Amino acid sequence: MTKLKGKTAIVTGAANGIGLACATRFAQEGAAVALADIDAEHGEAGAKAIREAGGTAIFQKTDVASRADLEALVERATAEFGGLDIMLNNAGIAPTAKIVDMEDELFDKVLATNLRSAFIGTQLAAKAMIAKGKGGVIINMSSVNARLAIPGLAAYACTKGALSQLTNVSAIELASHGIRCVAIGPGTILTELAKKAVLADEAAKKRILSRTPIGRAGEPEEVAAVAAFLASDDASYITGQTIYPDGGRMALNYTM
């Protein structure tokens, strides 16, 4: 597993779930990885586990809604690793609220965490990659909800839809610098959040599986495998695309 040997990467939202799985896979593939999250306890533990397994990893406590925190993250990663090759904008939140009940503050918080952070992360990463002059890869963590709707997740769905366009525009603007911009749109993945929020009881589990042709939820490591592929030279001709590891959800587009 050496697809990313000699590369350096940043992963936001890396304290657990998909983010931690991606950071771990990047390290297993040979990359030096900076894990970032607001959760310092689990973020430090994740970086330590990677190091104990023989990988190279650091942790930086980061509130992705803060430009200053993101600037500090990129500055530290580039200083310690000698540059930046891969940026995975993964951090996100998905609070549930009906449109008629949602407060402005909640909508703004979701946009700041899920979308504005990815814009700033893309901007800062692109500047670092351009300065190094060797190109790079920027990956945004989208969702099937970029195109499909679920009641109660208006703010979340809006941000994921916008991430697709951020990915497209970035891909076009940054292509001349050798920077590829792609996105990943997972379906239902067995993170702790999903287990508590949408797979909490048998009825919820049946509802989820009814719209997943493969017949099961995905594992964080399966999303990480897609991220590692997109970050590698194996995907050298892929940019401006969103890949959906969703067990067939997008193809079905129906709940039975």
Side-chain angles (χ1 to χ4, degrees), residues 11-25 88-102 106-107 109-111 113-115 117-118 139-168 181-231 235 238 240-256:
V11 180
T12 66
N16 49 52
I18 291 173
L20 179 57
C22 289
T24 301
R25 180 59 182 266
L88 174 49
N89 295 307
N90 169 73
I93 56 175
T96 302
K98 294 182 179 179
I99 290 175
V100 294
D101 300 324
M102 192 184 309
L106 179 60
F107 190 83
K109 181 178 180 180
V110 177
L111 260 66
T113 304
N114 295 10
L115 179 59
S117 69
I139 305 171
N140 294 316
M141 193 59 67
S142 184
S143 165
V144 292
N145 294 118
R147 292 172 57 187
L148 305 178
I150 295 180
L153 285 175
Y156 177 80
C158 286
T159 61
K160 295 305 182 179
L163 274 176
S164 292
Q165 283 296 71
L166 175 63
T167 300
N168 293 342
C181 300
V182 291
I184 302 172
T188 302
I189 306 299
L190 288 173
T191 62
E192 289 303 312
L193 177 64
K195 290 175 184 178
K196 294 176 181 178
V198 297
L199 298 171
D201 56 51
E202 194 61 28
K205 183 177 179 180
K206 287 182 178 179
R207 187 165 60 250
I208 290 294
L209 296 185
S210 77
R211 60 192 190 213
T212 308
I214 280 183
R216 63 174 177 84
E219 297 289 344
E221 291 75 17
E222 291 177 297
V223 179
V226 175
F229 163 70
L230 291 173
I238 299 176
Q241 299 290 322
T242 300
I243 307 300
Y244 292 96
D246 64 354
R249 172 75 177 102
M250 296 289 288
L252 177 63
N253 194 17
Y254 190 80
T255 301
M256 291 180 285

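We use all heavy atoms of the structure for the numbers below, so side chains are in, but hydrogens, waters and symmetry mates are not. This structure is a prediction, so every number in the text was calculated from the model and none was measured.
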Give me the atom names and distance for the closest heavy-atom approach of C22 to A227.
SG-CB, 3.9 Å

Just verifying a value: how many Å separate L190 CG and R216 CZ, rounded to the nearest 0.5 Å?
8.5 Å

Any idea which heavy atoms bring V110 and P95 closest together, and the distance?
CG2-CG, 3.5 Å

For L209 and A217, work out which heavy atoms get closest and say how close.
CD2-N, 3.9 Å

So, the side chain of T212 versus the backbone of G247: is there a donor-acceptor pair under 3.5 Å, distance only?
no

Between R25 and A228, which heavy-atom pair has the shortest distance, and what is it?
CG-CB, 3.7 Å

Please report the interatomic distance OG1(T24) to CD(E221), rounded to the nearest 0.5 Å.
8.0 Å

Below 4.5 Å, heavy atoms only, C-beta onward: do F229 and I243 meet side chain to side chain?
no

Please examine the side chains of P245 and I184, heavy atoms only from C-beta on, and report whether any two atoms are closer than 4.5 Å.
yes

Would you say the side chain of P186 lies within less than 4.5 Å of the side chain of I18, judging by non-hydrogen atoms?
yes

Side chain to side chain contact (heavy atoms under 4.5 Å, CB included) involving A183 - partner list, sequence neighbours excluded:
N140, S142, T167, T242

Donor-acceptor contacts under 3.5 Å from residues 144-155 side chains, at least two apart:
from: N145; atom 1: OD1; to: S143; atom 2: OG; distance (Å): 3.2
from: N145; atom 1: ND2; to: L148; atom 2: O; distance (Å): 3.3

Does N90 reach the main-chain N or O of G13 with its side chain, forming a donor-acceptor pair under 3.5 Å?
yes

Give me the one residue out of V182, V226, N89 that meets side chain to side chain contact (heavy atoms under 4.5 Å, CB included) with I139.
V182

Exercise answer: donor-acceptor pairs, residues 158-166 side-chain atoms, under 3.5 Å, sequence neighbours excluded:
from: T159; atom 1: OG1; to: N114; atom 2: ND2; distance (Å): 3.3
from: T159; atom 1: OG1; to: Y156; atom 2: O; distance (Å): 2.6
from: K160; atom 1: NZ; to: M141; atom 2: O; distance (Å): 2.8
from: Q165; atom 1: OE1; to: N168; atom 2: ND2; distance (Å): 2.8

Quick one: CG on D101 to CG on L106, what's the gap to the nearest 0.5 Å?
11.0 Å

